[in-house]
Amino acid sequence: MTRRARRHWLLKSEPDVYAYEALERDGRARWDGVRNYTARNHLRSMSPGDPFLFYHSSCPVPAVVGIGRVVSEPYPDPTQFDCSSPWFDPRGSPEQPRWWSVDVEPIAALPHPVTLAAIRADPLLRAMLVAQPAGARLSVQPVERTHFTRVLRLGGLPASVARGARTRPPS
DNA sequence: GCCAACGTTGGC
DNA sequence: GCCAACGTTGGC
């Protein structure tokens with residue numbers, strides 16, 4: 001059986017709403033509520049095992065603060081069917097879902113968060129979408145492997161951390 | 001709080 | 001299909 005190469009991603013969250021620490025606390029979370037078609041398309045092309053950068057946005061110091069991994073296949077975002085949810089969307093039906101989710105788990109916090117300013121200041125990183133005016137607002141972004149590795153290096157994590165199976169200690 | 005950038009909606 | 005109006009995101 002052949003496996004497709006891992007893709008790398010960047011997921012944004014406002015720390016006031018759902019911080020990286022919350023993902024560590026929860027151990028696993030559904031990444032739902034994405035209501036942008038480009039971001040949706042990225043979500044839908046994720047595969048279990050794909051690593052991602054966890055980025056804090058709309059806060060005093062926007063930064064990549066941790067990494068995690070996708071742990072499910074993409075599936076219809078249940079909040080679109082829930083009329084009590086703020087993300088309810090009557091245009092989506094179980095037969096023809098409009099919005100998608102994946103489940104994610106934390107891998108590790110970055111010992112040194114990599115700030116947006118640092119990304120822009122680094123010749124190897126400044127091409128990242130998150131640093132571009134055109135990409136800054138996209139909440140689910142693809143990340144090049146070289147960029148992913150570089151962020152880990154600047155953040156003080158060995159690259160092997162993202163490759164291993166489960167690195168969090170059992171609790 | 002301001003504002004630039006961009007996505008979405010809806011009239012035509 | 002075009003485009004103006006509007007809403008949202010997110011850095012500063």
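Here the structure is a predicted model, which is why all the values come from computation and not from measurement. So that the names make sense, note that chain A is the first sequence line, chain B the second, and so on, each numbered from 1.
Nucleotides of DNA chain C that come within less than 4.0 Å of any heavy atom of chain A span, from the 5' end to the 3' end, C:dG7 to C:dC12.
Between A:Y20 and A:P15, the closest side-chain pair of non-hydrogen atoms is not below 4.5 Å. Side-chain contact between A:V143 and A:W9 is absent, with no heavy-atom pair separated by less than 4.5 Å.
Going from atom CG of A:L53 over to atom CG of A:L152 covers 7.0 Å, rounded to the nearest 0.5 Å.
Applying the salt bridge (charged side-chain N to carboxylate O under 4.0 Å, His left out) rule to A:R25 yields no partners; only residues at least two apart in sequence or on another chain are considered. For A:N36, the side-chain contact (heavy atoms from CB on, under 4.5 Å) partners at least two apart in sequence or on another chain are A:T38, A:A39, A:L138. With sequence neighbours excluded, the residues satisfying side-chain contact (heavy atoms from CB on, under 4.5 Å) with A:T146 are A:E144. Among residues two or more places apart in sequence or in another chain, the ring-ring contact (aromatic ring centres under 6.0 Å, His included) test is passed with A:F52 by none. Not counting sequence neighbours, the partners of A:V71 by the side-chain contact (heavy atoms from CB on, under 4.5 Å) test are A:R28, A:R69, A:D103, A:E105.
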Using residues 122-135 of chain A as the side-chain source, report each donor-acceptor pair under 3.5 Å to any protein atom, sequence neighbours left out, with the distance given to one decimal.
from: A:D122; atom 1: OD1; to: A:L124; atom 2: N; distance (Å): 2.6
from: A:D122; atom 1: OD1; to: A:L125; atom 2: N; distance (Å): 3.3
from: A:D122; atom 1: OD2; to: A:R150; atom 2: NE; distance (Å): 3.0
from: A:D122; atom 1: OD2; to: A:R150; atom 2: NH2; distance (Å): 2.7
from: A:Q132; atom 1: NE2; to: A:R126; atom 2: O; distance (Å): 2.7
from: A:Q132; atom 1: NE2; to: A:M128; atom 2: O; distance (Å): 3.4

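Annotation: proximity of residues 128-141 of chain A to DNA chain C (heavy atom, distance under 4.0 Å) is found for A:A136, A:R137, numbered in ascending order. Scanning residues 9-17 of chain A for heavy-atom distances under 4.0 Å to DNA chain C yields A:K12. Non-hydrogen atoms lying under 4.0 Å from DNA chain C are contributed by nothing in residues 86-97 of chain A.
Checking side-chain atoms of A:Q80 against main-chain N and O of A:R98 turns up a donor-acceptor pair under 3.5 Å. The backbone N or O of A:A159 lies less than 3.5 Å from no partner atom in the side chain of A:R153, so there is not a single donor-acceptor pair. Judged purely by atom type and a 3.5 angstrom limit, A:S45 uses its side chain to pair as donor or acceptor with the backbone of A:N41. A donor-acceptor pair under 3.5 Å links the side-chain atoms of A:S13 to the main chain of A:Y18, judged by distance alone.
With a 4.5 Å cut-off between side-chain heavy atoms of Ile, Leu, Val, Met, Phe, Trp and Tyr, the cluster of A:Y37 takes in A:W99.
Helical stems involving DNA chain C, defined as 3 or more consecutive Watson-Crick or G-U pairs under 3.5 Å, span B:1-12 with C:1-12.
If you check every strand for non-hydrogen atoms under 4.0 Å, A:R120 touches sugar and phosphate atoms only.
Taking a cutoff of 4.0 Å between a charged side-chain nitrogen and a carboxylate oxygen, A:R35 and A:D77 qualify as a salt bridge.
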